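Notes to accompany the following structure.
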Amino acid sequence: MQAPEFAVEGANVLVTGASQGIGQAIAETFAAAGADVAICSRSMDRVGPVADDINEADVSGRAFATECDVREREDVAAFFAAAADELGGLDIVVNNAGGEFIADFEDISEGGWEAVTDLNLGGTYRCSQVAGEYLRTSEGGDGGVIINMASVNGQHAAPGESHYGAAKAGIIRLSETLATEWADDGVRVNCIAPGLIQTPGVAETLGIDESDIPERGETYRRIGYPEEIADLAVFLGSPAASFVTGETYTAKGVPRPGNSMSNDLGLK
Ligand SMILES: NC(=O)c1ccc[n+]([C@@H]2O[C@H](COP(=O)([O-])OP(=O)(O)OC[C@H]3O[C@@H](n4cnc5c(N)ncnc54)[C@H](OP(=O)(O)O)[C@@H]3O)[C@@H](O)[C@H]2O)c1
């Protein structure tokens with residue numbers, strides 16, 4: 001008889017885009033579970049306080065923060081090197097930084113297309129490639145874990161999200177491919193595909209008021225909470241998921257057809 005192996009205590013976890021929203025919740029949840037975290041965003045003024053809060057909290061995980069723009073290869077390389085140095089190696093990498101704007105396909109300029117695909121898919125490509133330098137092992141056995149933030153919009157089409165949906169679908173296929181290419185190096189690669197989650201980014205885009213949202217656990221027919229995605233990330237990072245790779249885990253409450261953000265706002 002064996003107890004489940006959900007523990008991530010002592011793991012070294014890197015999370016991109018952790019100054020707010022899902023990335024912040026992932027960093028805090030790993031730290032609360034006893035993992036040390038290295039976090040980044042484009043602004044030290046924004047990500048620094050998240051690390052300070054973790055370091056001042058009554059949790060055993062420690063936090064290190066630095067500025068890094070995942071669109072810049074040099075930033076990414078420097079962030080991973082500093083994180084590995086500061087934490088003493090890396091075990092789990094969460095490629096979370098991402099974002100979008102909603103627009104009809106015919107209105108998306110070259111620049112708009114490039115901005116969304118380069119942040120989401122390009123950032124995941126860049127960070128995964130650099131992550132491989134730290135997570136792959138030639139010794140057999142466990143290397144590390146990569147968790148990529150996809151979206152239900154990468155699984156199902158939704159109006160206004162052609163650029164974002166294409167990028168997130170690309171992240172899913174990239175992750176599946178990496179899971180096969182790096183299997184012998186002991187690296188597991190999985191995606192999380194959230195439905196609509198209450199974060200500052202989404203609130204800003206859609207004008208959602210937090211007071212309109214039911215309590216976590218009250219119903220499945222609601223907007224999700226960042227912590228509900230963070231819990232899934234901890235599972236995927238843990239030894240309990242040792243036979244899980246190349247998969248995409250969806251977390252969206254009650255299934256709704258045509259999962260576009262605008263449809264979800266009605267939460268029908
Ligand atoms: N919320 C949802 O409903 C939802 C649903 C499906 C998927 N997702 C995905 O989940 C992830 C997080 O979403 P969220 O709603 O939490 O987003 P959010 O509230 O907009 O936060 C995005 C985070 O990414 C950082 N960031 C943005 N551009 C960056 C860059 N170039 N380099 C480094 N960091 C950058 C931001 O920090 P700074 O501004 O300080 O740089 C911030 O910490 C994204 O990949 C998103 O596509 C979200």
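Just so you know, these numbers come straight off a predicted model, no measurement behind them. In this chain, numbering begins with 1 at the start of the sequence shown. For ligands, and for the atoms within them, numbers begin at 1 and follow the listed sequence.
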Any heavy atom of Asn96 sitting closer than 4.0 Å to ligand 1? yes
State the atoms of ligand 1, each with its element, that fall below the 4.0 Å cut-off from a heavy-atom position in Arg71. 31 (N)
What about Cys40: any of its N or O atoms under 3.5 Å from an N or O on ligand 1? no
Counting heavy atoms under 4.0 Å, the part of Leu119 that contacts ligand 1 is side chain
I'd like to know if Arg222 and Glu228 make a salt bridge, using a cut-off of under 4.0 Å between side-chain N and carboxylate O. yes
At less than 4.0 angstrom from any non-hydrogen atom of Gly201, what atoms of ligand 1 do you find? 18 (P), 19 (O), 20 (O)
Has the side chain of Thr245 got a donor or acceptor atom that lies under 3.5 Å from a matching backbone atom of Val189? yes
Using only heavy-atom distances, determine whether the side chains of Glu5 and Ser242 contain a donor-acceptor pair under 3.5 Å. no
Could a heavy atom of Ala203 be found less than 4.0 Å from some atom of ligand 1? no
Within the 6.0 Å centroid threshold, strictly below: Phe101 and His163: yes
In ligand 1, the atoms that come under 4.0 Å of a heavy atom of Leu196 are 3 (O)
Listed partners of Tyr249 passing side chain to side chain donor-acceptor pair (under 3.5 Å), at least two apart: none
In this structure, does ligand 1 have an atom that sits under 4.0 Å from one of the heavy atoms of Ala150? yes
Find all atoms of ligand 1 within a distance of less than 4.0 Å from any non-hydrogen atom belonging to Thr199, and give their numbers and elements. 1 (N), 14 (P), 15 (O), 16 (O), 19 (O)
Numbered in order shown, the ligand 1 atoms found under 4.0 Å of a heavy atom of Gly21 are 16 (O)
Within-cut-off N or O pair, Val202 and ligand 1, under 3.5 Å: no
Are any of the N/O atoms on Ser43, whether in the backbone or the side chain, positioned under 3.5 angstrom from an N/O atom of ligand 1? no
Taking 4.0 Å as the limit for heavy-atom contacts, which would you say applies to Ala18 with ligand 1: side chain only, backbone only, both, or neither? backbone
Which atoms of ligand 1 have any heavy atom of Gly98 under 4.0 Å away? 22 (C), 44 (C), 45 (O)
Residue portion contacting ligand 1 (non-hydrogen atoms closer than 4.0 Å) for Lys168: side chain
Report yes if Ile22 has an N/O atom closer than 3.5 Å to an N/O atom of ligand 1; otherwise report no. yes
May I ask you to identify, for Gln20, whether its side chain, its backbone, both or neither come under 4.0 Å of ligand 1 on a heavy-atom basis? both
Tested for side-chain contact (heavy atoms from CB on, under 4.5 Å) against Asn12, the lone hit among Leu87, Ile92, Val93 is Leu87
Proximal ligand 1 atoms for Ser19, defined as those under 4.0 Å from one of its heavy atoms: 36 (C), 37 (O), 38 (P), 40 (O), 42 (C), 43 (O)
Please check if atom CZ in Arg73 has more than 12 non-hydrogen atoms from other residues, nucleotides or ligands closer than 6.0 Å. yes
Checking Lys168 side chain against Met149 main chain: does a donor-acceptor pair fall under 3.5 Å? yes
Just checking, is any N or O donor in the side chain of Asn95 or Ser128 under 3.5 Å from an acceptor N or O on the other one? yes
Enumerated ligand 1 atoms positioned under 4.0 Å from heavy atoms of Cys68: 32 (N), 33 (C)
State which residue, out of Asn190, Asn148, Ile147, Ile146, fulfils the side-chain contact (heavy atoms from CB on, under 4.5 Å) condition with Ser175. Asn148
With distance as the sole test, does Arg46 use its side chain to make a donor-acceptor pair with the main-chain N or O of Ala18 at under 3.5 Å? no
Side-chain ion pair, Arg126 and Asp118, N-O less than 4.0 Å: yes
Would you indicate which of Ala97, Gly23, Pro194 comes nearest to atom 35 (C) of ligand 1 when only heavy atoms are counted? Ala97
